[in-house]
Amino acid sequence: MGRYCVTGGRRIAGEIAIQGGKNAVLPILAASVLGRGESVLTNCPDISDTRYTLRILEEIGCKVTQTGGCILVDSAPADTAVVSDALAQRMRSSIVLAGSLLGRFGTARISYPGGCDTYVGEANTIGG
């Protein structure tokens, strides 16, 4: 993280761009599955975890458009609650999708994050 040292008796003026945070954008992208429509996110960081999450959303059927730091997710066409091992194991945070998939489909199948080969297994909502 950068550091700015300001000395002197002059007034500070100007602008800086602050990149959006990974810990904010990934859960919001996961929650977009529940909306069953379009979600627009701005100021999204261009990092590997964001890109892998977008690939997972596409894999489950969402339509994703990214222009710079702006991401549009249309979750209406999402039609599966299965996340491939190849994508889930790319990042530890893939597990944040479990709740949204359960809420949308009543089931979720996601590999253990962090490179494990074992499945979490089929999970059903209460009463399912």
Side-chain angles (χ1 to χ4, degrees):
M1 180 172 189
R3 186 170 106 172
Y4 297 95
C5 294
V6 179
T7 56
R10 291 192 226 157
R11 184 179 202 139
I12 299 173
E15 295 180 16
I16 60 170
I18 305 296
Q19 184 177 13
K22 170 183 85 166
N23 293 335
V25 75
L26 299 181
I28 295 169
L29 285 170
S32 71
V33 173
L34 295 170
R36 298 179 190 242
E38 290 185 352
S39 300
V40 179
L41 288 75
T42 59
N43 198 26
C44 299
D46 184 22
I47 57 173
S48 61
D49 280 3
T50 303
R51 290 189 296 270
Y52 286 128
T53 301
L54 296 178
R55 287 178 57 192
I56 290 171
L57 292 176
E58 289 174 331
E59 182 178 72
I60 66 168
C62 296
K63 292 182 181 176
V64 175
T65 306
Q66 184 175 15
T67 306
C70 183
I71 298 172
L72 181 126
V73 178
D74 182 0
S75 63
D79 60 358
T80 184
V82 178
V83 177
S84 70
D85 294 349
L87 288 176
Q89 292 176 1
R90 293 283 189 176
M91 59 182 187
R92 288 185 307 231
S93 56
S94 62
I95 198 67
V96 301
L97 288 155
S100 296
L101 294 174
L102 282 169
R104 171 81 182 257
F105 300 107
T107 187
R109 184 172 176 188
I110 301 176
S111 177
Y112 278 110
C116 294
D117 291 333
T118 311
Y119 278 111
V120 171
E122 294 291 323
N124 291 307
T125 56
I126 296 173

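Computed from heavy atoms alone, side chains included, the values below leave out hydrogens, waters and symmetry copies. Computed from a prediction, not measured in an experiment: that's the story for all the values here. Nothing fancy with the numbering, it's 1 onward along the sequence.
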- Message: Would you compute the distance between atom CD1 of Ile95 and atom OH of Tyr112 and round it to the nearest 0.5 angstrom?
- Response: 8.5 Å
- Nearest heavy-atom neighbours spanning Ser100 and Ala30: OG-O, 2.8 Å
- Item | Ser48 vs Arg90 side-chain heavy atoms within contact, under 4.5 Å | no
- Task: Return each pair, listed once, that meets salt bridge (Lys or Arg N to Asp or Glu O under 4.0 Å) where at least one residue sits in residues 67-78; pairs must be two or more places apart or across chains.
- Result: none
- Task: Please report the shortest heavy-atom distance between Gly35 and Ser75, naming the atom on each side.
- Result: C-OG, 4.0 Å
- Message: Hydrophobic clustering (ILVMFWY, side-chain heavy atoms < 4.5 Å, transitive) - are Val73 and Val96 grouped together?
- Response: no
- Query: Are any of the side-chain heavy atoms of Ile110 and Leu97 separated by less than 4.5 Å?
  - Reply: yes
- Is it the case that one hydrophobic cluster holds both Leu26 and Ile47, taking links as side-chain heavy atoms less than 4.5 Å apart, direct or via other members? no
For residues 59-72, which side-chain donor-acceptor pairs fall under 3.5 Å, sequence neighbours excluded?
| residue | atom | partner | partner atom | Å |
| --- | --- | --- | --- | --- |
| Glu59 | OE1 | Ser84 | N | 2.8 |
| Glu59 | OE1 | Ser84 | OG | 3.4 |
| Glu59 | OE2 | Ser84 | OG | 2.8 |

- Item | Pair Ile56-Met91, side-chain contact (heavy atoms from CB on, under 4.5 Å): steps then yes or no | CA-CA 11 Å; Ile56 290 171; Met91 59 182 187; 4.0 Å; yes
- In sequence, state the C-alpha distance, the side-chain angles, and the governing distance for Leu101 and Thr107, and then conclude on side-chain contact (heavy atoms from CB on, under 4.5 Å). CA-CA 6 Å; Leu101 294 174; Thr107 187; over 6 Å; no
- For Arg104 and Val33, indicate whether the former's side chain and the latter's backbone hold a donor-acceptor pair under 3.5 Å. yes
- Item | Heavy-atom pair with the smallest gap, counting every atom of Phe105 and Ala81 | CD1-CB, 3.6 Å
- Looking at side-chain heavy atoms only, is the closest gap between Ser111 and Val83 below 4.5 Å? no
- Message: Please tell me whether Ile28 and Leu54 are part of a single hydrophobic cluster in this structure, the criterion being side-chain heavy atoms less than 4.5 Å apart.
- Response: yes
- Is there side-chain contact between Ser94 and Leu87, with heavy atoms separated by less than 4.5 Å? no
- Any chance CZ of Arg55 has more than 12 other-residue heavy atoms, nucleotides or ligands included, within less than 6.0 Å? no
- Query: Do Leu29 and Thr50 have side chains that get closer than 4.5 Å, going by heavy atoms?
  - Reply: yes
- Applying the 4.5 Å side-chain criterion to the ILVMFWY set and letting contacts propagate, would Val82 and Leu34 be lumped into a single cluster? no
- Query: What pair of heavy atoms forms the shortest contact from Ser32 to Ser39, and how long is it?
  - Reply: CB-OG, 3.6 Å
- Apply side chain to side chain donor-acceptor pair (under 3.5 Å) to Arg51 and list each qualifying residue two or more places apart in sequence or on a separate chain. Asp46
